[in-house]
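As the structure is a computational prediction, the values presented were derived from the model and not from experiment. Start at 1 and go down the list; that is how both ligands and their atoms are numbered. Computation of the quantities below employed the complete heavy-atom set of this structure, encompassing side-chain atoms and omitting hydrogens, waters and symmetry-equivalent molecules.
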Amino acid sequence: MRLVAAPDRTAVAQHAADVIERFVSTGAPTALGIATGTTMEEPLDEIARRHRRGSLSLALTEVYLLDEYVGLEPSDHCAFRKFIDRRLVRQTDLRPDAVHSPDPHAPDLDAECNRYEHDVRNARVGLQLLGIGANGHIAFNEPGSAFTSTTRVVRLSEQTRCDNARFFPHGIGPPATAITQGIDTILAAGELLLVACGEHKAVAVSRALEGPATVSVPASAIQLHPKVTVIVDSGAASLLQGAPSRHLEAH
Ligand code: GLP
């Protein structure tokens with residue numbers, strides 16, 4: 001595992017964008033797995049800036065989302081699909097039909113989960129971006145999710161719904177359920193890039209990186225992957241113990 005400690009969010013975004021740029025700039029078609037949420041805003045905005053400067057193209061990239069809420073209207077501003085539309089499709093040359101996500105409006109959600117699982121596996125995602133929830137979740141795999149889990153409908157924890165309430169209009173919280181790629185689906189990607197910012201992520205980051213690999217901390221499953229980069233700011237890194245001398249790359 002490569003761990004990069006950056007001083008602040010801006011530096012984290014630069015490092016994350018560097019990894020993404022290297023991945024999408026080979027001149028060959030690529031499949032990029034994307035996470036949503038606050039942590040991803042600056043890295044994706046930096047990707048858009050690099051595109052505007054002419055240094056980066058997403059024309060050959062297919063994008064696969066990790067998860068999506070169930071129960072929002074298709075046009076809902078809070079849907080993760082809309083997040084990608086706003087931050088990448090409208091800002092770069094990423095084709096709208098190159099964005100793939102589970103359809104939370106499908107009449108048979110279990111069949112839709114199977115379809116999406118199949119599509120993601122077939123796509124062979126080369127680089128998977130990940131955020132981390134304050135309770136250690138990745139995508140919407142909440143504590144207790146099996147490391148063998150695949151794409152499915154899940155019930156969100158109260159903590160996750162509280163944490164994500166800020167994205168929703170006042171008084172209307174996030175839906176209770178979502179479709180998420182499973183942990184095994186995520187681990188099938190060629191490379192993982194986990195990004196975390198802020199002291200409120202410090203406990204989750206230290207348990208995920210330095211605790212045992214356990215289903216009570218879903219993000220700890222990344223320890224089982226052979227090619228992982230973790231980029232953290234000083235707040236998110238603040239509880240890491242052995243890092244500086246062992247594997248921390250300071251910037
Ligand atoms: C959300 C998403 C995750 C995301 C995480 C962190 O609930 N399902 O994919 O990585 O929680 O979100 P944020 O970056 O907003 O803290």
> CG/L156 to NE2/H137 distance, rounded to the nearest 0.5 angstrom?
Replying inline: 8.5 Å
> Quick one: is the NZ or CZ of R81 closer than 6.0 Å to the six-membered ring centre of F83, and within 45° of its axis?
Replying inline: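 Geometry flag: not set, cation outside 6.0 Å or 45°.
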> How are the rings of Y69 and F168 set relative to one another: parallel (under 30°), tilted (30 to 60°) or perpendicular (over 60°)?
Replying inline: perpendicular
> Protein residues near ligand 1, heavy-atom distance below 4.0 Å?
Replying inline: T36, G37, T38, T39, D67, G131, I132, H137, A139, F140, N164, R166, F167, K201
>> Considering only residues two or more places apart or on different chains, which pairs with a residue in residues 138-154 satisfy salt bridge (Lys or Arg N to Asp or Glu O under 4.0 Å)?
In response: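 Sorted result for residues 138-154: empty, none.
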>> Just to verify, what does F147 make a ring-ring contact (aromatic ring centres under 6.0 Å, His included) with, not counting sequence neighbours?
In response: none
> Which residues pass the ring-ring contact (aromatic ring centres under 6.0 Å, His included) test with H51, sequence neighbours left out?
Replying inline: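 H51 satisfies ring-ring contact (aromatic ring centres under 6.0 Å, His included) with no other residue.
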